[in-house]
Amino acid sequence: MEEREALEALGLRAPVDAATVKQAYRRLARELHPDAGGDAAAFLRVQDAYELLRDGSDAGPAPQQRVASVDDRWWDAGSAWHTGPIDRSGIDLDGELPDEDAVAVDVDLLARLLLGGTPVRPVRLHSRAPGSRLHRVITWLQPDLLAATTVGPAADGRRAGHDVRVEVSSAGGRGRRLLSATEPPGSWTLARGSDTARLRRDLRPCRDPRDTAVRVAREVDAALAAIGWPLGEWFLLQA
């Protein structure tokens with residue numbers, strides 16, 4: 001996305017300052033958020049436009065001014081963390097990790113894989129296609145030919161490195177068609193492209209990494225089940 005496109009997405013004209021960009025973003029985000037019945041693709045476009053104009057555009061103040069304006073207390077604020085109850089029942093967080101070349105994933109294994117990082121250890125899972133009967137040949141395919149579910153620290157936005165980002169993407173075939181046609185569950189957003197479809201959600205971590213791992217694993221499991229591509233059809237490729 002170029003600066004001109006970002007300005008158009010937010011309904012703005014240059015020159016603009018950071019405060020104007022933020023005000024326009026907040027107004028449109030409230031209108032377009034999927035939880036409010038808005039269009040998920042339009043919501044994601046507005047998010048991308050905001051990140052571009054806020055983090056490097058000549059349309060706003062210099063980067064050092066924006067950085068200086070960030071509240072350094074944000075990371076310790078109560079709202080920065082997920083504080084709801086976490087159900088760990090039935091989850092084995094202390095089991096051994098597998099050493100096979102390709103392993104089908106369940107909630108227990110995903111939670112164990114996520115432990116050990118801040119906010120979580122990055123994990124990447126692969127699947128041939130939803131409902132495929134040929135998952136047994138998954139190790140014969142290059143990872144870039146498979147659909148991917150990635151979980152790790154958010155790489156952009158104000159809460160980069162703090163929130164946990166989950167993204168399900170497929171670059172073709174049955175997986176892309178399924179994602180493109182799905183109604184995003186809950187607070188997830190969907191971006192449809194000509195070649196790739198991506199389902200995404202950012203989750204606030206808990207102060208206890210074990211709670212974070214369980215919460216994220218359960219959220220991923222529920223979302224994949226909701227779109228008809230269950231977690232059991234996704235594999236961890238060790239090689």
Side-chain angles (χ1 to χ4, degrees), residues 40 82 84 86-117 119-139 141 143-154 163-191 196-206 209-239:
H82 176 79
I86 302 297
D87 178 15
R88 287 197 203 169
S89 61
I91 300 293
D92 179 12
L93 291 174
D94 300 311
E96 295 184 1
L97 294 177
D99 55 9
E100 297 94 333
D101 288 340
V103 182
V105 180
D106 58 18
V107 176
D108 280 43
L109 176 55
L110 180 55
R112 290 199 298 273
L113 290 169
L114 292 172
L115 281 174
V120 294
R121 176 191 299 167
V123 172
R124 187 176 180 90
L125 310 177
H126 294 283
S127 180
R128 182 178 175 89
S132 174
R133 296 182 180 180
L134 298 175
H135 281 306
R136 64 182 179 275
V137 303
I138 199 167
T139 55
L141 299 176
D144 58 358
L145 299 178
L146 299 166
T149 290
T150 56
V151 185
D163 279 2
V164 182
R165 175 163 297 169
V166 183
E167 184 174 277
V168 184
S169 63
S170 184
R174 205 184 325 166
R176 185 184 67 81
R177 291 195 296 272
L178 173 66
L179 291 179
S180 296
T182 193
E183 181 68 27
S187 298
W188 295 72
T189 59
L190 175 65
T196 304
R198 291 185 174 87
L199 192 65
R200 175 188 290 181
R201 183 178 181 190
D202 286 354
L203 296 164
R204 295 192 176 188
C206 308
R210 295 169 72 87
D211 282 342
T212 299
V214 171
R215 181 189 180 216
V216 173
R218 290 196 186 279
E219 290 278 358
V220 172
D221 181 50
L224 290 174
I227 66 173
W229 202 344
L231 185 58
E233 295 184 5
W234 293 84
F235 290 76
L236 174 69
L237 300 185
Q238 304 279 28

For [X] and [Y], which heavy atoms make the closest approach, and how far apart are they?
X    : Y    : answer
A129 : E233 : O-OE1, 3.9 Å
A217 : L114 : N-CD1, 4.2 Å
W188 : A223 : CZ2-CB, 3.4 Å
V214 : R88  : CG2-CG, 4.1 Å
S170 : L179 : N-CD1, 3.8 Å
P205 : D163 : CD-OD1, 3.8 Å

If we ignore hydrogens and angles and just use 3.5 Å, is the side chain of [X] paired with the main-chain N or O of [Y] as donor and acceptor?
X    : Y    : answer
R112 : D92  : yes
R201 : S187 : no
R165 : D202 : no
S127 : W234 : no

Quick one: pull up [atom1] in [X] and [atom2] in [Y] and give me the separation to the nearest 0.5 Å.
X    : Y    : atom1 : atom2 : answer
R200 : T150 : CZ    : OG1   : 8.5 Å
E167 : L199 : CD    : CG    : 9.0 Å
T189 : R198 : OG1   : CZ    : 11.5 Å
R124 : L236 : CZ    : CG    : 12.0 Å
L109 : L93  : CG    : CG    : 11.5 Å

Pair D94 + R210: basic N to acidic O under 4.0 Å:
yes
Kindly indicate whether the side chain of [X], heavy atoms from C-beta on, has any atom under 4.5 Å from the side chain of [Y].
X    : Y    : result
L231 : T149 : no
L110 : D221 : no
V164 : R215 : no
T212 : H82  : no

